[in-house]
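Since we're looking at a predicted model, the values are computed, not measured.
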2 protein chains.
Amino acid sequence: MQFTEKKIESTLRREGYKLTPQRRAVLNAIADSHDHLTPADIYDKVRQEHPGIGLVTVYRTLDILDKLGLICEVHSGGNCRSYLMRRPQEHHHHLICSECGAVADFTECDFSELEHRLSRDTGFEIEGHLLEFSGRCHNCRKATPS
Amino acid sequence: MQFTEKKIESTLRREGYKLTPQRRAVLNAIADSHDHLTPADIYDKVRQEHPGIGLVTVYRTLDILDKLGLICEVHSGGNCRSYLMRRPQEHHHHLICSECGAVADFTECDFSELEHRLSRDTGFEIEGHLLEFSGRCHNCRKATPS
DNA sequence: TGTGTAATTGAAAACGTTTTTCATTTACAC
DNA sequence: GTGTAAATGAAAAACGTTTTCAATTACACA
Ligand SMILES: [Mn+2]
Ligand SMILES: [Mn+2]
Ligand SMILES: [Zn+2]
Ligand SMILES: [Zn+2]
């Protein structure tokens with residue numbers, strides 16, 4: 001923990017970000033929890049020790065920490081829905097371009113083995129799954145080869 | 001297409017829902033597109049033929065169609081983030097309880113083969129993936145065995 | 001083919017989350 | 001210490017979504 005925290009602080013500094021008490025507080029809130037915390041969760045936790053912090057600062061700090069790869073953003077259930085016609089036996093998954101948002105479909109996914117194992121290990125009764133790959137699509141690769 | 005549409009209309013009726021022009025319009029908007037449409041997308045499309053429809057009605061219709069299993073909701077990128085500390089080499093995935101939201105972690109995922117194939121077929125350069133199982137957790141199963 | 005009624009609709013307002021704006025404060029290089 | 005650019009927080013705007021409620025409408029039934 002302390003190790004990780006030190007490393008994170010030095011990363012911030014190295015990237016030219018100032019190390020403010022607010023950032024430290026957000027960092028600690030996340031580090032102290034083994035759960036996923038929403039921005040609001042983090043705001044609430046941080047305010048206990050640090051009343052007066054602005055929610056805006058929490059958002060800004062999260063953006064930075066995420067951009068630096070120090071925390072990771074989890075795509076949790078909520079307001080990010082889109083819909084499509086359910087066509088029978090058309091279970092499929094997506095490849096999404098991180099640059100332009102282009103979507104390609106694919107259908108391959110065989111999780112029967114993994115589902116058995118997980119079910120046994122966790123007691124969950126598995127009902128469905130979500131599989132998504134992200135990457136750069138053909139067009140974006142041509143446009144800006146990295 | 002016509003077939004699917006007819007089936008859907010009869011399903012609505014069978015479940016006691018009235019078949020209004022607005023519902024038909026939302027249905028057609030989704031059926032006509034092979035893309036995922038957000039509620040706002042659908043609203044825009046529907047309004048072309050059916051100005052005066054309320055966005056509220058779109059939302060309500062989507063809820064119903066989803067509940068009946070006629071369309072499916074896709075978890076697309078957007079505003080549903082939560083954060084956790086990125087611990088090195090801790091790439092992992094989630095099992096999420098659809099009833100209480102409990103989360104269990106697991107680490108197994110080997111997509112190297114699939115990634116190769118997808119990359120070849122689609123031209124995407126794959127950078128990452130998201131895998132999530134949903135189901136009912138141990139506690140929820142004990143509480144309400146289905 | 002009317003008629004009654006419960007379901008459905010849309011305007012408006014409320015809501016929760018995230019972003020923008022801007023004046024004030026602060027970290028830190030010198 | 002001092003100067004300066006970066007960071008903060010209050011407030012308001014901007015989202016996407018839900019609630020409320022009076023007016024409208026689909027459809028079962030006479
Ligand atoms: Mn698709
Ligand atoms: Mn986890
Ligand atoms: Zn692209
Ligand atoms: Zn549960």
Side-chain angles (χ1 to χ4, degrees), chain A residues 8-30 36-68 70-71 73-83 101, chain B residues 8-30 36-68 70-71 73-83 101:
Chain A
I8 286 168
E9 293 183 358
S10 75
T11 303
L12 271 175
R13 277 234 174 66
R14 174 172 8 101
E15 301 288 328
Y17 292 101
K18 293 182 180 174
L19 193 42
T20 66
Q22 291 92 337
R23 286 178 179 161
R24 206 188 289 273
V26 168
L27 211 41
N28 288 339
I30 302 176
H36 310 166
L37 303 176
T38 63
D41 290 338
I42 293 166
Y43 181 50
D44 289 342
K45 283 191 75 175
V46 165
R47 248 189 322 179
Q48 289 169 17
E49 304 278 311
H50 206 295
I53 190 175
L55 177 55
V56 208
T57 298
V58 172
Y59 276 103
R60 284 191 284 229
T61 304
L62 291 173
D63 284 349
I64 292 171
L65 296 177
D66 184 44
K67 192 178 307 171
L68 297 184
L70 298 174
I71 60 178
E73 190 174 299
V74 176
H75 202 59
S76 51
N79 290 342
C80 44
R81 38 184 170 173
S82 60
Y83 295 89
Chain B
I8 286 168
E9 292 184 0
S10 75
T11 303
L12 271 175
R13 278 235 173 67
R14 176 175 3 102
E15 301 288 330
Y17 291 102
K18 293 181 179 173
L19 193 44
T20 66
Q22 291 92 337
R23 284 178 182 163
R24 205 188 290 271
V26 168
L27 210 40
N28 288 339
I30 302 176
H36 311 166
L37 303 176
T38 63
D41 290 338
I42 294 166
Y43 181 50
D44 289 342
K45 283 190 76 176
V46 165
R47 246 187 326 176
Q48 289 169 17
E49 303 278 310
H50 207 295
I53 191 174
L55 177 55
V56 209
T57 299
V58 172
Y59 276 104
R60 284 191 284 230
T61 304
L62 291 173
D63 283 349
I64 291 170
L65 296 176
D66 184 44
K67 193 178 307 170
L68 296 184
L70 297 176
I71 59 177
E73 191 174 301
V74 176
H75 200 60
S76 52
N79 290 342
C80 43
R81 37 183 169 173
S82 60
Y83 295 89

### Query
Does the distance from a Lys or Arg side-chain N to an Asp or Glu carboxylate O, for A:D63 and A:R60, drop under 4.0 Å?
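No.
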### Query
Between which nucleotides of DNA chain D, read 5' to 3', does contact with chain A run, using atoms under 4.0 Å from its heavy atoms?
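So the contact region on DNA chain D extends D:dA5 to D:dT18.
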N or O in side chain of [X] less than 4.0 angstrom from [N] OP1/OP2:
X	N	result
A:T20	C:dA27	no
B:R23	C:dT8	yes
A:Q22	C:dT26	no

#### Entry: B:L55 or A:I53, whichever maps to the more 5' nucleotide of DNA chain D
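Looking at the nearest nucleotide for each, A:I53 comes out on the 5' side.
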### Message
When you compare the side chain of A:L68 with that of A:Y17, does any pair of heavy atoms fall below 4.5 Å?
### Response
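Heavy-atom side-chain distance check passes, below 4.5 Å.
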### Task
Side-chain contact test, heavy atoms from C-beta onward, threshold under 4.5 Å: evaluate it for B:L12 versus B:I64 and give yes or no.
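The answer is yes; the side chains approach within 4.5 Å.
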### Query
Rounded to the nearest 0.5 Å, how far apart are CZ of A:R47 and NZ of A:K45?
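That separation rounds to 14.0 Å.
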### Message
Is it the case that over 12 heavy atoms from other parts of the model lie below 6.0 angstrom from the CD atom of B:E15?
### Response
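Correct, the count exceeds 12.
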### Task
Rounded to the nearest angstrom, tell me the gap between atom OH in B:Y59 and atom P in C:dT9.
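For the pair B:Y59 OH and C:dT9 P, the rounded distance is 16 Å.
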### Query
How long is the line joining CZ of B:R47 and P of C:dT9, in whole Å?
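Between P of C:dT9 and CZ of B:R47: 17 Å.
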#### Entry: Closest to the A:R60 side chain, choosing from C:dC28, C:dT21, C:dT8
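Side chain of A:R60 sits closest to C:dT21.
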### Task
Indicate yes or no for a side-chain donor-acceptor contact from A:R23 to the backbone of A:T61 under 3.5 Å, with no hydrogens or angles considered.
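Not confirmed, A:R23 side chain does not pair with A:T61 backbone.
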### Query
Taking for each residue the nucleotide of DNA chain C bearing the nearest heavy atom, is the 5' side occupied by B:V56 or by B:P21?
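In this pair, the answer is B:P21.
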